[in-house]
Amino acid sequence: MSYSQTDSLTTKDSPKAQIPTKSSFSDSEFDQESNDNDFINYLNSSNFANNNDTITRQLTLEEIGNEVKLERTKSLAITPSEGYLNELRNNEEDPKLIDPSTLDWEGADDPDNPNNWPSWKKWYSTMTVACICLVVTFGSSLFVCGVPELMVELNISQELCLAGLTFYLIGLAFGPILAAPISELFGRKIVYLFSLPMSMLFTMGVGLSNNIQSILVLRFFSGFFSSPAMAVAGGTICDIWEVQMQGVAMGTFCLAPFLGPVLGPVIGGFVAEKKGWKWTLWVNLMAAGLILIPVILLPESYKPILLKKRAKKRGYILKKPDVTLGQFLKIIIGVCLVKPIQMLFVEPIVMVFSIYIAFVFSVLFGFFEAFPIIYRGVYQMSFGVSGLAFLGIGIGLGLGTVYFIYVDRFVYWKKNPDGTRGQFDENGNPVFPEPESRLDLCKVGAIILPPSLFWLGWTARESVHYMVSIAAGLPFGFSMILIFFSNISYFALSYPPLSVASALAANNLLRYSLASVFPLFTVQMYDKLGIDWASSLFGFIALLMLPVPWVFAKWGPNLRKTSRFGYAAMKAFIYDFRTT
C-alpha cells in the first residue's frame, strides 16, 4: 500500500484489494519444472508481487514454523469467507482502516525509504552498528587479559577463570532469541537502545564482583544482552543499502566481530599489566560509552516500523494482526532457535559450513591462551607486549576484507556499459548467480588456512625470530575472513530469506558455542603436545576440511534441490497450491 501526495491511500493492486486465486498463477509465468533462477525472478516479478500478496504472506508463515494454520488461509485465499468479504466491505466504508502488511513506499524515489538516504547517513548507520559489534566482541577477549591476576586474587584455577569467557560466549550464542521479537515489534533502533545499556550494567557488575560465582553469572548476562545488537545489525545494513552495495557495506560491517577479539589482547594486555584485571572491564565500559551517543542518534531503518509510523501520522488506523502475541512469539522462537537447530541436523549445507566456520572461529579464541604460552613463555615478552602478537591476525583480517570488497565490486557486481551492475536477461530482469559461484573465495581461504597453522607451530621457538611466527597470523586472518564471507554469501543465495535467517542463526549458535569451549582445553593441549604439535593438530583438522568448498561446488545443486527449506521446496509448495 502506498500514499499519494494528497494523503489518499491506495493498495498495491488499487483501487480495491484483490483476492488471489489459482488463476493468479499462469502457466506462462511459472512452471514447476523451471529452474531456480527463473523461479526467483518469477517471485520478484511485479505481476507475482502485485497479484499474489496474500499467498506471499502465507508462504512466509509456512516457512517460519507453520504455527498459523495455513490451510485456513489458503482456503480463504481461494474461496473468500463471509468474514473476509465483510472485512473488505468495512474497509470500503472506513478507508482509514488499513492492513499494515500492505503498506509500501511511494515509489522508488520515496525519501523515507532508507535506500534513498544520503550516503553520509547510510555510512553513519553502517559504522555505528559496526562499532557496536566491535565493542561487544572486544569485551569477550578483553576479560581474558585479567585472568592471571584474577587467579591469584580469588585463589581459583585457570579453567574456572576462563569460564568467564565461556559464559560470555554462550550468552552471545543465545541472545538473538531476544533480539528477533523486539526488532519485529518495535524496530531495529530499540534493540540497540535496550541491549547496549543493559550489557553495560552487567559489565559494571562484573567489575564490582568479588567472587567467581557472581562474575560467571554476570558475564553470561553481559554477553546475552550484548548479542541482540549484533543479531540485528546485519538487518540494518540490508535495510539501508541497495543490493549492489550490500557487499561493500557488509564487508566493512562483518570485519568488526572478528576484529574485536583481536584488539582485546592488544589493548587489554597493557591495561591488565598496569592497572589490574578490573580495569579491563572499565575499559570495556568506556568503549561502550563512546558509542552510546551515536547509537541514540541512529535513525530507525526497519521498513514496517517506518511505514506504520507514517500511516499513524497521517491519521490512518492500523488493523490489528490476525496472529496473537503467543503465536508470534512461538513463530519467532521457531525461526531463531528450533528451526536453526533443525537445519543444523537435516541440511548438509548448513551443518558442514557451520562446523567449518565454528572451527576456524574457535581456533582464534584458542589463540587467546596459546599466544601467551608462545610469546610470554618462549620469547619472554612482558604481559602487554605479548598481546601485540595478535596484530598479525588483525592485518590479515583487514587484507581479507579489502580483497572481498574488490571481488564483490569488480567480479560479482561488475559495472555494465550502461552503468548498472550485475547480470540481466533480455527482458531487463536481474539474473541471480548460482550459489556455488560464491564458493571461490572459500576455496582460496581453505587453501591458505592449513599452512598458516603449521607455520605458527613450527616457527614458534627461540632459534627463530618472533616476527616469523607473528607473520603466520596474517594468512590465518586472511583465510578466516574469506571463509566466513563466502559462507554467508552461499547461504544467502541457497535459501529463501527466512530460511537464510535461520541458517545464519544456526551458524551463530554453533560458532559461539564451540568457541566457548576451546579456551578451556587449549592450555592443557599445548602443555601436553607442545607448541609445534598442538598447532599442527589444528592444521591437520583444517587440512581435513580443505575439500569442503569443492565438494559443495559439485554436489551443492543436487543438495539444494532436495532441501526441505530451499527454493525447490517453496516452488513445490506454490505448484501444489496452484493445482489444488
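We're numbering straight along the sequence, starting at 1.
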Closest non-hydrogen atom pair, Cys145 against Pro265: SG-CA, 3.6 Å

Using the ring centroid of each side chain, check whether Phe552 and Phe353 are separated by less than 6.0 Å. yes

Are Val144 and Thr280 side-chain neighbours, meaning at least one heavy-atom pair lies under 4.5 Å? no

Rounded distance [0.5 Å steps], CZ in Phe138 versus SG in Cys131: 12.0 Å

Report the distance from atom CG of Leu344 to atom OG of Ser354, rounding to the nearest 0.5 Å. 5.0 Å

Any non-hydrogen side-chain atom of Lys122 less than 4.5 Å from a side-chain atom of Glu242? yes

Check whether any side-chain heavy atom of Phe167 sits under 4.5 Å from a side-chain heavy atom of Ile215, and report yes or no. no

Are more than 12 heavy atoms, taken from residues, nucleotides or ligands other than Met351, located less than 6.0 Å from that residue's CE atom? yes

I'd like to know if the side chain of Ser140 reaches the main chain of Val136, judged simply by a donor and an acceptor atom lying under 3.5 Å from each other, with no hydrogens or angles considered. no

Going by atom types alone, do Tyr192 and Thr236 pair a side-chain donor with an acceptor below 3.5 Å? yes

Find the distance between CG (Leu142) and CG (Leu281) and round it off to the nearest 0.5 Å. 7.5 Å

Going through the distances and angles, do Ile291 and Thr128 end up as a side-chain contact (heavy atoms from CB on, under 4.5 Å)? CA-CA 7 Å; Ile291 65 169; Thr128 298; 5.9 Å; no

Hey, mind stepping through Thr252 and Ile405 against side-chain contact (heavy atoms from CB on, under 4.5 Å) and telling me if it holds? CA-CA 8 Å; Thr252 306; Ile405 291 175; 4.1 Å; yes

Between Phe484 and Phe258, does the ring centroid distance fall short of 6.0 Å? yes

Using a 6.0 Å cut-off, check whether atom CZ of Phe521 has over 12 heavy atoms from anything other than its own residue. yes

Atom OH of Tyr124 with >12 non-hydrogen neighbours under 6.0 angstrom: yes

Could you grab the distance from atom OH of Tyr356 to atom CG of Leu544, nearest 0.5 Å is fine? 10.0 Å

Taking side chain as C-beta onward, heavy atoms only, is Leu482 less than 4.5 Å from Ile448? no

Taking Ser486 for its side chain and Arg438 for its backbone only, find out whether a donor-acceptor pair lies under 3.5 Å. yes

Please verify the inter-ring angle class for Phe485 with Phe404; under 30° counts as parallel, over 60° as perpendicular, anything in between as tilted. parallel

Less than 6.0 angstrom separating the ring centers of Phe224 and Phe202, yes or no? no

Any side-chain heavy-atom pair of Val129 and Leu298 under 4.5 Å: yes

Less than 4.5 Å apart, side chain to side chain, heavy atoms only: is that true for Leu397 and Met480? yes

All heavy atoms of Ala506 vs all of Val350, minimum pair found to be CB-CG1, 4.0 Å

Over all atoms of both residues, closest heavy-atom pair of Gly234 and Met250: O-CE, 4.0 Å

Does the pair Met200 and Asn284 meet the rule for a side-chain contact (heavy atoms from CB on, under 4.5 Å), with working shown? CA-CA 8 Å; Met200 291 173 66; Asn284 194 13; over 6 Å; no

Spatial distance of atom CG (Leu493) from atom CD1 (Ile488) [nearest 0.5 Å]: 11.5 Å

Taking the ring centre of each residue, are Trp241 and Trp123 less than 6.0 Å apart? yes

Kindly state whether the ring of Phe368 and the ring of Phe365 have centres lying under 6.0 angstrom apart. yes

For Ser141 and Pro261, the nearest pair of non-hydrogen atoms, with its separation, is OG-O, 2.8 Å

For the atom pair CD (Glu436) and OH (Tyr490), what is the distance rounded to the nearest 0.5 Å? 4.0 Å

Under the criterion side-chain contact (heavy atoms from CB on, under 4.5 Å), I'd like the reasoning laid out for Val352 against Val551: C-alpha separation, chi angles, the key distance, then a yes or no. CA-CA 11 Å; Val352 175; Val551 169; over 6 Å; no

In terms of heavy-atom contacts, Ala163 and Leu216 come closest through C-CD2, 3.6 Å

Ring centroid separation for Phe174 and Tyr512, is it under 6.0 angstrom? no

Does the side chain of Ser452 come within less than 4.5 Å of Phe478's, by heavy atoms? no

Under the 3.5 angstrom rule, does the side chain of Glu369 hit a backbone N or O of Pro519 as a donor-acceptor pair? no

Are Leu306 and Trp105 packed together at the side-chain level, in the sense that at least one heavy-atom pair is separated by less than 4.5 angstrom? yes

Over all heavy atoms of both residues, which pair between Asp239 and Ser301 is shortest? Give the atoms and the distance, please. OD2-OG, 3.0 Å

